[in-house]
2 protein chains.
Amino acid sequence: MRLPLKTEYACQVLAQLALTYSSGEVRQVEDLASAEGLSPNYSVQILTALRQAGIVISRRGKNGGYLLAKHPDEITLADIAIAMEGGSVIESSPGNGGMSAANVHSAWVRVSEAMLESCREIKLSELVADTDDADWVI
Amino acid sequence: MRLPLKTEYACQVLAQLALTYSSGEVRQVEDLASAEGLSPNYSVQILTALRQAGIVISRRGKNGGYLLAKHPDEITLADIAIAMEGGSVIESSPGNGGMSAANVHSAWVRVSEAMLESCREIKLSELVADTDDADWVI
DNA sequence: TTTAAAGTTGCGTCGTTTACTAATGTATTG
DNA sequence: CAATACATTAGTAAACGACGCAACTTTAAA
């Protein structure tokens, strides 16, 4: 069960935005993408999903870009995961008509809820990297 | 993030085996598969993985079949998930060289561990369906 | 008011993974 | 040794993921 790259990328881009949140600065796609080692083209799609989920605000036109819609303390991994993927973080099939299908399904739903709860406990502010002297450049 | 069908099927087949655990009865693939609405051929592959993980014991030849290697109380969703998928239940990529990649990764590792813990709390015995008057047949 | 810098949208594509099917091999029992 | 049931491997079709590209729209600034 692989965590989609798209979700990870979303976290990285948001961490990048959180870095300059207090300055109110607008960040451009090119800037965000290169800081996180992502393709600008793909980053756009991620930022679009985040905007539609109300996590990010965009400004169009010249000198446009993106900024966080909320304080980094008020954005959690759960918000991000739900924005990128569908409703539930883990989805299991409702049943194939087998004798134990319903029981199995409801067990995994419980697991999914537990995981979602643990996602709610991790805030975006915990993801932002130390700014001073970074050797994270490749 | 979809729970692989293979993992769900494994749970169903094991629930079926748990149903007759106390009788010590050996169940054949055909039997297990039809009770859970699965293809026999595919079920074999699932059962093979479960055997290699030490969750199930097989007997070959005439009157062969499968039975649980342990008591249904001592098999958890964590055991099953790990048997079917790799080491960790949720795997996130270690990093792409981005500035926040490491932080993001470690956050998801924490989530993954929390989820694994919650999988450890659900036992196979909770998955077995009520035997009396079932209308689960399709 | 023009212009160019930015975001927006949708389509296309390529590679991988998943969920199977099928065929063939191997062990066990009567 | 023959019938039966598990074991293994190969193959495949469809779905999904991770992008790239191009045309369009918006807006600040010259």
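Scope of the values below: all heavy atoms of this structure, side chains included, with no hydrogens, waters or symmetry mates. Residue numbers start from 1 in every chain, and the chains themselves are labelled A, B, ... in the order their sequence lines are given, proteins ahead of strands. All figures in this text were calculated on a predicted structure; none of them were measured in a lab.
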Let me have the donor-acceptor pairs involving side chains of residues 118-125 of chain A, under 3.5 Å, with sequence neighbours excluded, atom names and distances please.
residue, atom, partner, partner atom, Å
S118(A), OG, M115(A), O, 3.4
R120(A), NE, E117(A), OE1, 3.3
S125(A), OG, D73(A), OD1, 2.5

Nearest-angstrom distance from the residue atom CZ of R2(A) to P of dT17(C): 9 Å

Look at all strands and tell whether V29(B) reaches a base, only sugar-phosphate, or nothing, counting heavy atoms closer than 4.0 Å. sugar-phosphate

In this structure, how many angstroms lie between the P atom of dA5(C) and the CD atom of E30(A), rounded? 12 Å

Whole angstroms only, please: what is the CD-P distance between Q28(B) and dT29(C)? 13 Å

Under the side-chain hydrogen bond (donor to acceptor under 3.5 Å, both in side chains) rule, collect the residues that match up with N103(B), sequence neighbours excluded. none

Between Y9(A) and Y66(B), whichever has its closest DNA chain D nucleotide further toward 5' is Y66(B)

Side-chain donor-acceptor pairs of residues 26-33 of chain A under 3.5 Å, sequence neighbours excluded:
residue, atom, partner, partner atom, Å
R27(A), NE, D31(A), OD2, 2.6
R27(A), NH1, Q16(A), O, 2.9
R27(A), NH1, T20(A), OG1, 3.0
R27(A), NH2, Q16(A), OE1, 3.0
R27(A), NH2, D31(A), OD2, 3.3

Nucleotide by nucleotide, nucleotides 21-27 of chain C touches protein heavy atoms under 4.0 Å in the pattern (B base, S sugar-phosphate only, - none) BB--BBB

Show every side chain to side chain donor-acceptor pair (under 3.5 Å) that has at least one partner inside residues 84-93 of chain B, sequence neighbours left out. E8(A)-S93(B), T7(B)-E85(B), S92(B)-H105(B)

With heavy atoms of chain A within less than 4.0 Å as the criterion, where does contact along DNA chain D begin and end? dA18(D) to dA29(D)

Not counting sequence neighbours, which residues clear side-chain contact (heavy atoms from CB on, under 4.5 Å) with A101(A)? List them please. N96(A), Q12(B)

Residues at least two apart in sequence or cross-chain that pass salt bridge (Lys or Arg N to Asp or Glu O under 4.0 Å) with E74(B), listed by chain then number, are none

For N41(A), side-chain hydrogen bond (donor to acceptor under 3.5 Å, both in side chains) partners two or more places apart: none

Given the rule that I, L, V, M, F, W and Y join up when any side-chain heavy atoms are under 4.5 Å apart, are I46(A) and I57(A) in one cluster? no

Single-linkage hydrophobic cluster, 4.5 Å side-chain cutoff, V104(B) and V128(A) together: no

Tell me, please, which residues at least two apart from R60(B) pass salt bridge (Lys or Arg N to Asp or Glu O under 4.0 Å). none

Please determine if a side-chain N or O atom of S58(A) lies less than 4.0 Å away from the OP1 or OP2 oxygen of dT8(C). yes

To the nearest Å, give me how far apart CD (E8(B)) and P (dT18(C)) are. 14 Å

How many whole angstroms separate atom CG of L5(B) from atom P of dT17(C)? 17 Å

What is the bend of the helix from dT1(C)-dA30(D) to dG30(C)-dC1(D) when you compare the axis at one end with the axis at the other, using five pairs each and rounding to 10°? 10°

Quick note, salt bridge (charged side-chain N to carboxylate O under 4.0 Å, His left out) partners involving residues 97-115 of chain A, not counting sequence neighbours, are R110(A)-E126(B)

